[in-house]
Amino acid sequence: MTDENSTNTAINAANTVGTDAENTDMHTNTAQAAAASEAGAVSQQPHRSGFVAVVGRPNVGKSTLINALLGTQVAITSSRPETTRKVIRGILTLPQAQIVLVDTPGIHRPRTLLGQRLNDMVDASLSDADSIAFLLPADQEIGPGDRRILSRLRSEFAKKNDDGTWSWRVPVVAVVTKIDLLSRGELMTKLVQIDQFANFTDIVPVSAKDKDNVDELVRVLVGTIPEGPQLYPTEQISEESKESQIAELVRGVMLEELTDELPHSLAVVVDSIEYPEPEEPDEEDDGEYEEGDESEQAEPEQAESEQQPEQQPQQPQKARVSISIYVERPSQKPIVIGHKAEHIVRVKKKLRTPINRIVGMKTKVDIYVKVAKNWQSDPKQLDKLGFMMQ
C-alpha cells in the first residue's frame, strides 16, 4: 500500500473520532429529525448475527473494550498481562443485529502447559469466528507479538496473491485501543503505521476508557457479520454460568489484592452454590377446619395475644457459595490468606454485592485456599480446574 493511500486511510479513521461533547451535540440536534426515518431503515435492513473473535497480545485492553461495548462487566480487567484465562462470550443485541463478542486469552509464546492450552482456546475460538477484531494499542509500538498474531491470522484466514499482497477470507478489523493517551497528531502517525502493517478490512481507533468512538466500532462490526436470525434471548448478555462468573470475579479481585505476588499461580473454582430450602407452610395456618372446634374459637385474637409470646422477625435466608482458591506450593497459602486473613476478608467484602447480584439473593461466601502442586504444568490438575483440552 502506498504512503498516500495509508495517509488517506488514517485520515478517514481519525475523522471518526470526536469528543463526547461533539457527539452529544450531534445526537441532540439530529435525534428527532432522524427518529422516524431511522426506524423505517432498521425495519428494512436484513438482520445480522455472528461471532467476532477479539484477539491481541496480552494486556492490550480486550476485556475492557468488550465491557465498554456491552455497557456492563462480563470479563475481568486488570493492569496485569494474561488476565483472561477463559473464552468469554459477551452478547450485544441491537435492533438490527446481534454480535457475539468472543474475549480470548492473549496470544503469547507459552511457557507452561496452561499457556499452551490458553492458545488452544484461541485457536478453537478463531475457527468459529465470522470476523476478527485485532487489537493494537495506540501507546505501544508494533512488536514481535503483533507480527506473530498477524502471521497466524494470515495462515488461517487469508491467501497470498501473485503480487505478494494478502486477501482476507473473513473481515479482519484493526481496533486501535487507548487513543486517549495520544494527541491527534500522534494518533494520525499511529494510524498510518497500522495501515502499512497489514491490509486490514477497516481500522477503527477507540478509547474504551472514555467510550470514545465505541459506536463507530459497533457499526463497523455489524457490517462484518453475516445475515442471520437472533441467536440468544434479548436480555442475555453472556454465556457464562453463575459459577464461572463468580470464579472470574474472585480471581480478578485477588489479582489486584496481591499486587505483584503470585498473580498467575492462582486458580479459582466455585465448588457449589447452595440455595436455601423453601419454608414449609405452618400447619396451624393451613386453613383446615375440624369439627368440635367452635367452643375454642371465641375471641381468637385476644386469646392469641395473651397466650403466645411475641414472635421475633425472621432472618432472611441466604444462599451459600463455596469457593476454592488453588496455589502451586504450600508456602504460597499464607501469602494469599494474609495476616489474620486480611486478604480473604477484603476480597469477600468487595465481592459481596456482585455475588449477590449473580446469585439473585443474599449469600454467605466461604473461601478455602488449597494447594494443587505445579497445577499449571499438570494435565490432570488443569482438567480438574476447568482448563480442558479443546
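If you're wondering where the values come from, they're calculated on a predicted model, not measured in any experiment.
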Hey, does the side chain of [X] reach the backbone of [Y] with a donor-acceptor pair shorter than 3.5 angstrom?
{"X": "Lys242", "Y": "Ile355", "answer": "no"}
{"X": "Thr201", "Y": "Val172", "answer": "yes"}
{"X": "Asp210", "Y": "Asp212", "answer": "no"}
{"X": "Gln332", "Y": "Arg329", "answer": "yes"}
{"X": "Asp130", "Y": "Phe51", "answer": "yes"}
{"X": "Arg48", "Y": "Ile225", "answer": "yes"}
{"X": "Tyr275", "Y": "Val359", "answer": "yes"}
{"X": "Lys348", "Y": "Val365", "answer": "yes"}
{"X": "Gln98", "Y": "Tyr232", "answer": "yes"}

How close do [X] and [Y] get, counting heavy atoms only, and between which atoms?
{"X": "Leu181", "Y": "Glu186", "result": "O-OE1, 4.4 Å"}
{"X": "Val336", "Y": "Met254", "result": "CG1-CE, 3.5 Å"}
{"X": "Arg169", "Y": "Ala158", "result": "NH1-O, 3.1 Å"}
{"X": "Leu231", "Y": "Gly50", "result": "CD1-N, 4.4 Å"}
{"X": "Val60", "Y": "Pro137", "result": "CG1-CD, 3.7 Å"}
{"X": "Val204", "Y": "Glu216", "result": "CG1-CG, 4.2 Å"}

Tell me, with the steps shown, if Lys370 and Ile325 meet side chain to side chain contact (heavy atoms under 4.5 Å, CB included).
CA-CA 6 Å; Lys370 305 175 181 179; Ile325 298 176; over 6 Å; no
Do you see a donor-acceptor pair shorter than 3.5 Å between the side chains of [X] and [Y]?
{"X": "Lys318", "Y": "Thr363", "result": "no"}
{"X": "Ser322", "Y": "Asp271", "result": "no"}
{"X": "Glu248", "Y": "Ser244", "result": "no"}

Measure the shortest side-chain to side-chain distance between [X] and [Y] over non-hydrogen atoms and say whether it is less than 4.5 angstrom.
{"X": "Ile367", "Y": "Val347", "value": "yes"}
{"X": "Phe134", "Y": "Leu150", "value": "yes"}
{"X": "Leu266", "Y": "Val327", "value": "yes"}
{"X": "Val345", "Y": "Lys349", "value": "no"}
{"X": "Ile337", "Y": "His343", "value": "no"}
{"X": "Val218", "Y": "Leu92", "value": "yes"}
{"X": "Asn356", "Y": "Met361", "value": "no"}
{"X": "Leu65", "Y": "Val175", "value": "yes"}

In terms of hydrophobic clustering (I, L, V, M, F, W, Y; side-chain heavy atoms under 4.5 Å; direct or indirect links), are Phe157 and Trp166 co-clustered?
no
Is there a chain of hydrophobic side chains (I, L, V, M, F, W, Y, each step under 4.5 Å between heavy atoms) that links Tyr368 to Leu249?
no
Value rounded to 0.5 Å, distance of [atom1] in [X] from [atom2] in [Y]:
{"X": "Gln140", "Y": "Lys178", "atom1": "CD", "atom2": "NZ", "result": "5.5 Å"}
{"X": "Leu69", "Y": "Ile99", "atom1": "CG", "atom2": "CD1", "result": "7.5 Å"}
{"X": "Asp139", "Y": "Leu187", "atom1": "CG", "atom2": "CG", "result": "11.5 Å"}
{"X": "Arg357", "Y": "Thr353", "atom1": "CZ", "atom2": "OG1", "result": "6.5 Å"}
{"X": "Glu156", "Y": "Ser151", "atom1": "CD", "atom2": "OG", "result": "10.0 Å"}
{"X": "Leu191", "Y": "Leu136", "atom1": "CG", "atom2": "CG", "result": "10.5 Å"}

Check the pair Lys364, Val321 against side chain to side chain contact (heavy atoms under 4.5 Å, CB included), reporting the backbone distance first and the verdict last.
CA-CA 6 Å; Lys364 182 180 187 306; Val321 181; over 6 Å; no
Take Arg154 and Lys159 through the side chain to side chain contact (heavy atoms under 4.5 Å, CB included) test and state the conclusion after the steps.
CA-CA 7 Å; Arg154 281 174 169 170; Lys159 65 176 182 178; over 6 Å; no
In terms of heavy-atom contacts, does NZ of Lys209 have more than 12 from other residues, nucleotides or ligands at under 6.0 Å?
no
Give a yes or no on whether Asp163 atom CG has more than 12 heavy-atom contacts from other residues, nucleotides or ligands under 6.0 Å away.
yes
Salt bridge Asp146-Arg148, side-chain N to carboxylate O under 4.0 Å
no
Can you classify the ring geometry of Phe200 versus Trp168 as parallel (below 30°), tilted (30 to 60°) or perpendicular (above 60°)?
parallel
Check the pair Asp366 / Ile323 against side chain to side chain contact (heavy atoms under 4.5 Å, CB included), numbers first and verdict last.
CA-CA 6 Å; Asp366 298 321; Ile323 301 168; over 6 Å; no
